[in-house]
Amino acid sequence: MVRAMPLLSEAFFARDALIVARELIGAELVRDEVVVRITEVEAYRHPSDSASHCRMGRTARNAPMWGPPGRAYVYLCYGVHSMLNLVTGSEGEGAAVLVRSVEAVRGIPTIERRRGRRIGARDLAGPGKVAQALGLGTAWSHHPVIEAGGLECRAGERVERLLVGPRVGIDYATPRDRRAPYRFADPASTSVTERSTLRLERGRAS
DNA sequence: TCTACGATCTTT
DNA sequence: AAGATCGTAGAT
């Protein structure tokens, strides 16, 4: 048995969504026997971000995003898929990071049996697959991933250089926000969506 | 109340 | 290229 990596702290999440997003690449999500490694994320930065669920202020749905950092925000998309976000910044800010893709580290076959769905692949590219692999629904909103038990977010191997590009599926946002390079991915992973719109970032890591 | 529409995925 | 499928938000 390998010793578990340390939990990420509330202080880790209590920073700008762009910083947290970059540093979440390579981190692990753990739910019981299931362990996945984060390979792609998007930052939803602030109420002034016209792509964010917080763009129209506080509502029942986006309440978790306004809460303390290090909590989950899970919402239902297209009436079909659950999306996992991790709340960032300070309480009352309204920012989060969407986990778009992961790689299975272990435990996925068990989930496959339990859910009666086909998730055998090691690559889980796309936010709907992430929540499905971890068995998460909207009831997981507000769950602290900085504490042991349930869904946990743990440190992983640090990825120095990243793929960077625009976010996906936000055509309703302003042109500026549509173009904003708020999506980050691990260049070494094949579990990444819309890869052609990402470019390898030069220079220093965050 | 009513209506429109998604931070998607799969199949055609 | 389109259907599935339903909760939310904004309008009425």
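In this text the structure is predicted, and so the values were computed from the model without any measurement. Letters A, B, ... mirror the listed sequences (proteins, then strands); counts begin at 1.
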Rounded to whole Å, the CG-C1' distance (A/L124 to B/dT8) equals 15 Å
Check this for me: does any side-chain nitrogen of one of A/R45 and A/D16 sit under 4.0 Å from a carboxylate oxygen of the other?
yes
Applying side chain to side chain donor-acceptor pair (under 3.5 Å) to A/E194 and not counting sequence neighbours gives none
In numerical order, the residues of residues 37-51 of chain A whose heavy atoms come under 4.0 Å of DNA chain C are none
For A/H81, the ring pair (Phe, Tyr, Trp, His ring centres under 6.0 Å) test, sequence neighbours excluded, returns none
Sorted by chain and residue number, the ring pair (Phe, Tyr, Trp, His ring centres under 6.0 Å) partners of A/W66 (sequence neighbours excluded) come out as none
Close N/O contacts between protein and nucleotides 6-12 of chain C (under 3.5 Å):
| from | atom 1 | to | atom 2 | distance (Å) |
| --- | --- | --- | --- | --- |
| C/dA9 | OP1 | A/T59 | OG1 | 2.2 |

Taken to the nearest whole Å, CD/A/Q132 to C1'/B/dT10 is 12 Å
Sequence neighbours excluded, the answer for ring pair (Phe, Tyr, Trp, His ring centres under 6.0 Å) partners of A/Y75 is A/H53, A/Y73
Applying salt bridge (charged side-chain N to carboxylate O under 4.0 Å, His left out) to A/R15 and not counting sequence neighbours gives A/E23
Here the gap from A/C54 atom SG to A/D49 atom CG, rounded to the nearest 0.5 Å, amounts to 9.5 Å
Per the under-4.0 Å heavy-atom filter, residues of residues 170-191 of chain A near DNA chain B come out as A/I170, A/Y172
Here the distance between atom P of B/dG6 and atom OH of A/Y75, to the nearest Å, is 11 Å
Quick note, salt bridge (Lys or Arg N to Asp or Glu O under 4.0 Å) partners involving residues 80-103 of chain A, not counting sequence neighbours, are A/R37-A/E103, A/E40-A/R100, A/E42-A/R100, A/E103-A/R122
Apart from A/V168 itself, its cluster of hydrophobic side chains linked below 4.5 Å comprises none
With both pairing distances under 3.5 angstrom for Watson-Crick or G-U wobble, and | for a partner in another strand, the correct string for DNA chain C is ||||.||||||.
From NZ of A/K129 across to C1' of B/dA7 the rounded distance in Å is 16 Å
Is there a donor-acceptor contact under 3.5 Å linking the side chains of A/R183 and A/T197? yes
ring-ring contact (aromatic ring centres under 6.0 Å, His included) pairs touching residues 143-179 of chain A, sequence neighbours excluded, are A/W140-A/H143
To the nearest angstrom, the CD-P distance between A/E194 and B/dC9 comes to 10 Å
